[in-house]
There are 2 protein chains.
Amino acid sequence: MSETIEQALERAAPGLSDRLRKAIAARASRVRVHDGHRLFGPGDRSENFLIALSGAVRVEHMGPSGRSVVLYRVAPGESCVMTTSCLLSGAAYEAYGYAEGEVEAIAVPAVAFRELVEQEAAFRDLALSVFSQRIIELVDVIDELLLHRVDLRLASWLADRAPAGGVIAATHQSIASELGTAREVVSRILKEFERRGWLKLTRGEIRVADPGSLQVFSATR
Amino acid sequence: MSETIEQALERAAPGLSDRLRKAIAARASRVRVHDGHRLFGPGDRSENFLIALSGAVRVEHMGPSGRSVVLYRVAPGESCVMTTSCLLSGAAYEAYGYAEGEVEAIAVPAVAFRELVEQEAAFRDLALSVFSQRIIELVDVIDELLLHRVDLRLASWLADRAPAGGVIAATHQSIASELGTAREVVSRILKEFERRGWLKLTRGEIRVADPGSLQVFSATR
DNA sequence: TGCCGTCAGTGACGTCGTCACGCTCAGCGC
DNA sequence: GCGCTGAGCGTGACGACGTCACTGACGGCA
């Protein structure tokens, strides 16, 4: 590992001041997690404030039945609010965190987190602004779950990540958790889209033939 | 108004230090809102950090169809995170805030909020801990909406606020938005509960005859 | 007394989650 | 090659729930 924590931070969060990067680097340790691996799960206690450097962390909530929803993703330069919430309130996680891609992150222990909050205005702003952002995103998730039809949400999800004729690698199950619904529902709707000629289904991947129609469909209410 | 802002703060938030109360009082103004009145709604811009002193603020999200869910309630001594989020991110509200009871609150302008965050450690802790708490509560709301049956949630809601033979004053519509469902659904389920002898329905109120059975029922999955 | 707005009851229907299957396609050992 | 196994997918039946469209019941209020 030739790159220092400070250099990694500069790459991931160019907005921070040199001073703050130094301050964080002095207190943090480095964490690496491989693609698909779990970072935390329900019942775990949070002991560190996390800032992602590369890769992303998918945070999802799961109920006893096994159904799950993606709450948000932590991008490089961002911190994970579930972790921070649990750190501050002492509560156990109610969500899973999974690595997407090779994840590097820095971990700031609770005490050091408090120090940084005390001493570094930019760090306070970082923490508060990420909280603000996530609150709004969580309300969006509630809005989606509560008020929008699954077929429209699925169409929109597909249109968003289909580079015109592109292939999306995902199982129906993974899409179902993404949207907070059941696999069978995703299968049925995808089949219907295929009948309409908007895409082709093969095992483990979806070839989007007509992203335009998906887009239009997702906008009909 | 004989009571000063400082005295009101002491009553509502006895945990704060004298110093912090003084600091807040020096920068804040006072707000009064009558029962049922709206404090904010979608599209409004947030210009103040709010701390409730008495009464409660019900924060609910509403979709275009008119269906709504209660996201959380702001109790005396707490601040409203939607307000804070919007203040910090500059985004417009996506939720409604309604007074429950006669609400008194103090409003701290954005600039003064930043000053307090800078200078008062206890204020930072207050802001961060309320954020933490709400994040966890919002995830609970998602969990409820996504994974629990309406009849069980309704039974639990009734059992929670029925003082054994007590009367709950609420319209079916208000209960529906409390739980994020539709009025008709609430009506049907309540009717079923009445058939089972657990309660009596009259216009605008519900007489709970058997909170025990409701409790038991709500625990069956 | 009649008008009107709010609240509640009800049936029909469509969407969606759940359950219970059965099928297909790798990969792997033999 | 053959069969085994597990992951991924297709499908029908059914129940829960949201939506729509109406109806009636009750309480002010002119």
Polar-atom pairs under 3.5 Å, protein N or O versus N or O of nucleotides 4-8 of chain D: list them with distances, or write none.
unit_1	atom_1	unit_2	atom_2	d
D:dA7	N3	A:Arg203	NH2	2.8

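Rounded to whole angstrom, the span from the CD atom of A:Glu205 across to the P atom of C:dA26 amounts to 11 Å. Across the protein-nucleic acid pair, B:Glu194 atom CD and C:dG9 atom C1' stand 11 Å apart, rounded to whole Å. Rounded to an integer number of Å, the gap from CZ of B:Arg188 to C1' of D:dA21 is 13 Å. Atom CZ in A:Arg195 sits about 10 Å away from atom P in D:dG10, given to the nearest Å. In this structure, B:Asp151 places its CG atom 15 Å from C1' of D:dG18, rounding to the nearest Å. The distance between atom CG of B:Leu154 and atom P of D:dC17, rounded to the nearest whole Å, is 11 Å. For the pair B:His148 NE2 and C:dG17 P, the interatomic distance rounds to 16 Å; values are reported in whole Å. In this structure, A:Leu146 places its CG atom 14 Å from P of D:dC17, rounding to the nearest Å.
Side-chain atoms of A:Glu184 come within donor-acceptor range of the base of C:dC19, with a qualifying N/O pair under 3.5 Å. Within 3.5 Å, no donor on the side chain of B:Arg149 pairs with an acceptor on the base of C:dT18, nor the reverse.
For the pair B:Cys80/B:Val57, no side-chain contact is recorded, criterion being any heavy-atom separation below 4.5 Å from C-beta on.
Residue B:Arg67 is in sugar-phosphate contact alone, with no base atom involved, counting any heavy-atom pair closer than 4.0 Å across all strands shown.
Evaluated for a salt bridge (charged side-chain N to carboxylate O under 4.0 Å, His left out) with A:Glu178, the options A:Arg58, A:Arg73, A:Arg67 yield exactly one hit, A:Arg73. Partner of B:Tyr72 under the side chain to side chain contact (heavy atoms under 4.5 Å, CB included) criterion, chosen from B:Val141, B:Val81, B:Asp140: B:Val81. Of the options B:Arg183, B:Glu184, B:Lys191, a side chain to side chain contact (heavy atoms under 4.5 Å, CB included) to B:Ser187 is made by B:Arg183 and by none of the others.
Positionally, the nearest nucleotide of DNA chain D for A:Ala170 lies more toward the 5' end than for the other of A:Ala170 and A:Leu147.
Ring orientation note: the planes of A:Phe193 and A:Phe217 are nearly perpendicular, at an angle over 60° on the 30°/60° scale.
Out of C:dG9, D:dT11, C:dG17, the shortest distance to the side chain of A:Val150 is found at C:dG17.
Under a cutoff of 6.0 Å and an axis angle of 45°, B:Arg161 and B:Trp157 form a cation-pi pair.
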*Could you go step by step and tell me if B:Glu78 and B:Gln133 meet the side-chain contact (heavy atoms from CB on, under 4.5 Å) rule?*
CA-CA 11 Å; B:Glu78 294 179 347; B:Gln133 196 50 45; over 6 Å; no
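The phosphate of C:dC7 has neither OP1 nor OP2 within less than 4.0 Å of any side-chain N or O from B:Ser187.
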